[in-house]
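For reference, the structure discussed in these notes is given below.
The chains referred to below are lettered A, B, ... by the order of the sequence lines, with proteins before strands, and numbering in each begins at 1. Scope of the values below: all heavy atoms of this structure, side chains included, with no hydrogens, waters or symmetry mates.
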There are 2 protein chains.
Amino acid sequence: MVSRERLGWIAVDWGSSNLRAWAMSDAGEVLAQGGSDQGMLALKPEHYEAALLGAVSDWLPESGVVDVVVCGMAGARQGWREAAYREVPTRLEALLDGAVMPDVEDSRLRVCLLPGLCQQRDASGREFDVMRGEETQLAGLVALDMGFTGWACLPGTHAKWAYLFQGELARFQTFLTGELYRLLAARSVLHHSLGEDDLDDTSCREAFVTAVGESVAQPARFSQRLFGIRASDLLDANLPRGDARAAILAARLSGLAIGLELAAIGVELPPGEPVSLVGAEALCRRYALALETLEIQSRIIDSERAVLAGLGQARRALDAT
Amino acid sequence: MVSRERLGWIAVDWGSSNLRAWAMSDAGEVLAQGGSDQGMLALKPEHYEAALLGAVSDWLPESGVVDVVVCGMAGARQGWREAAYREVPTRLEALLDGAVMPDVEDSRLRVCLLPGLCQQRDASGREFDVMRGEETQLAGLVALDMGFTGWACLPGTHAKWAYLFQGELARFQTFLTGELYRLLAARSVLHHSLGEDDLDDTSCREAFVTAVGESVAQPARFSQRLFGIRASDLLDANLPRGDARAAILAARLSGLAIGLELAAIGVELPPGEPVSLVGAEALCRRYALALETLEIQSRIIDSERAVLAGLGQARRALDAT
């Protein structure tokens with residue numbers, strides 16, 4: 001039960017397929033957490049307020065106004081109300097400048113939807129790109145580590161690599177890595193051959209690291225190596241049988257996919273400077289291992305901590321308006 | 001109606017998802033065609049004979065024995081009866097040496113299932129690989145063009161590139177190109193952005209050729225460029241609207257996927273020697289256009305003609321036994 005005296009504001013990360021909410025004290029402490037599977041894909045604009053109340057109403061006071069700061073797909077064009085993309089380069093403290101406040105019926109709610117970021121193609125080598133949700137994690141990284149300069153990577157379905165310079169997001173690139181892995185593992189001819197991998201297992205770890213190195217060295221052979229996973233399963237007498245085999249081949253697919261990403265981004269990473277990995281721990285550890293093959297160090301920042309720091313920074317800016 | 005006096009033998013290409021059959025004269029003329037959707041995935045071993053009779057029984061004489069020469073998945077382990085892979089390098093005239101004859105109840109049938117080919121990893125750079133069905137098209141290429149030497153490409157779900165030397169299959173490589181395209185087009189975030197392309201349209205053609213060039217030049221950026229298709233759809237003010245936009249973006253995806261394949265294989269292709277493309281015409285024309293960007297010429301051999309020539313060659317060998 002959240003003490004209504006202590007509730008300062010509410011943080012929300014509203015994705016395509018779910019909604020996560022946190023009751024926050026003014027000091028930045030998490031008092032309670034909630035959520036639901038009512039993501040953007042499941043909602044029409046008129047249903048967002050009820051979906052929000054379903055997750056947070058227990059926390060609300062009987063009267064008074066509570067700030068609800070929201071990042072992610074609720075601000076997409078097909079979401080609650082559009083918070084148009086802001087263009088990079090941009091300072092990450094400035095996200096609130098692009099926020100919108102949807103109309104609500106419950107007078108206790110003041111809802112603020114943060115914008116995503118877009119990047120236009122330009123002569124300096126930037127390509128068209130978009131993010132919505134990750135910018136708040138990056139704002140959190142800058143809030144936690146003032147004036148942050150360097151590369152941040154947010155692994156996931158659509159993995160983002162962003163270069164920040166003294167708190168400004170200079171440019172970013174998105175890779176379809178996670179989605180590619182999932183489609184191949186679940187829906188291609190490879191699904192007959194793959195299981196669950198475990199990078200704490202020596203054989204899986206070795207298969208993963210080898211595959212990363214192969215993709216980095218010869219990215220052109222990616223789609224050949226994909227079929228090669230199937231062919232190895234049929235022909236390679238050195239593979240163990242059963243679950244161990246399926247785990248090794250899954251680790252290999254993961255290494256090929258992440259390695260292809262590193263083949264592109266690795267050349268941009270300055271030696272000796274650690275990459276900040278922002279995400280779920282298991283996935284970040286996988287990326288850290290892949291980066292080690294390029295002799296690049298990394299540090300892991302939990303994505304929940306980052307998103308709460310980013311939403312908190314926006315809330316402080318909102319308070320100051 | 002097939003004249004029973006003229007029927008010499010029956011050719012069958014039995015795939016994972018369908019069965020195609022041809023009534024052939026001894027002179028190699030097609031007298032009739034048939035088929036069904038009773039592919040390997042839909043059949044248990046005991047149901048193959050009935051599925052075959054369903055497609056060819058009208059052609060059979062009341063007595064006497066007819067050779068039925070079959071390539072493809074009917075000879076897979078999970079098919080009618082396994083015709084074990086033969087290892088490359090191998091002469092393509094020798095496919096019959098690995099054929100098996102399943103037991104049949106109808107005494108008019110003498111069924112011969114041709115084997116697939118496999119490749120072991122070796123010190124010369126061969127990687128694990130398999131084919132089942134395509135070897136018969138390659139045998140057909142050799143039968144049509146005795147002593148064929150050069151590269152043949154069989155585009156498709158799992159595109160095969162094979163190097164033949166004087167009628168011997170020396171080595172081959174499979175790329176997941178077609179499956180990758182289909183998964184991305186139908187099941188990834190890109191499906192919102194893609195339509196049907198038409199390479200006779202100038203804009204589509206240009207998008208395709210540009211994408212091939214980008215993949216060949218920088219294969220490492222493949223998964224970034226995939227997401228870039230989505231981002232372009234959201235941001236690129238130079239794209240037309242509606243179907244034209246969706247067609248251009250589909251051509252771009254096709255070009256990225258085929259270009260990634262050419263990034264790997266292109267370096268192996270000797271300049272000045274045309275590639276033999278064996279497949280459906282529209283897909284072969286797409287590959288021919290992609291190859292032109294590497295200044296590589298090609299010729300197209302219809303896959304039906306190739307498979308019938310390959311099955312016919314096996315039938316002559318069977319007759320001679």
Residue A:Val216 versus chain B: region with a heavy atom under 4.5 Å: neither
Chain B contact via A:Leu235 - side chain, backbone, both or neither, heavy atoms under 4.5 Å: both
Distance-only donor-acceptor screen, chain A against chain B, under 3.5 angstrom:
residue  : atom : partner  : partner atom : Å
A:Leu176 : N    : B:Ser223 : O            : 3.1
A:Glu179 : OE2  : B:Val189 : N            : 2.9
A:Val189 : N    : B:Glu179 : OE2          : 2.9
A:Ser223 : O    : B:Leu176 : N            : 3.1

A:Phe222 side, atom CZ; B:Phe222 side, atom CZ - distance, nearest 0.5 Å: 7.0 Å
Pick from B:Ala264, B:Ala220, B:Pro219, B:Ala231 with the largest number of heavy-atom pairs that fall under 4.5 Å of chain A: B:Ala220
Full working for side chain to side chain contact (heavy atoms under 4.5 Å, CB included) between A:Phe227 and B:Val130: CA-CA 9 Å; A:Phe227 190 80; B:Val130 291; 3.9 Å; yes
Region of [X] in contact with chain A, defined by heavy-atom distances below 4.5 Å:
X        : result
B:Leu180 : side chain
B:Val267 : neither
B:Leu234 : side chain

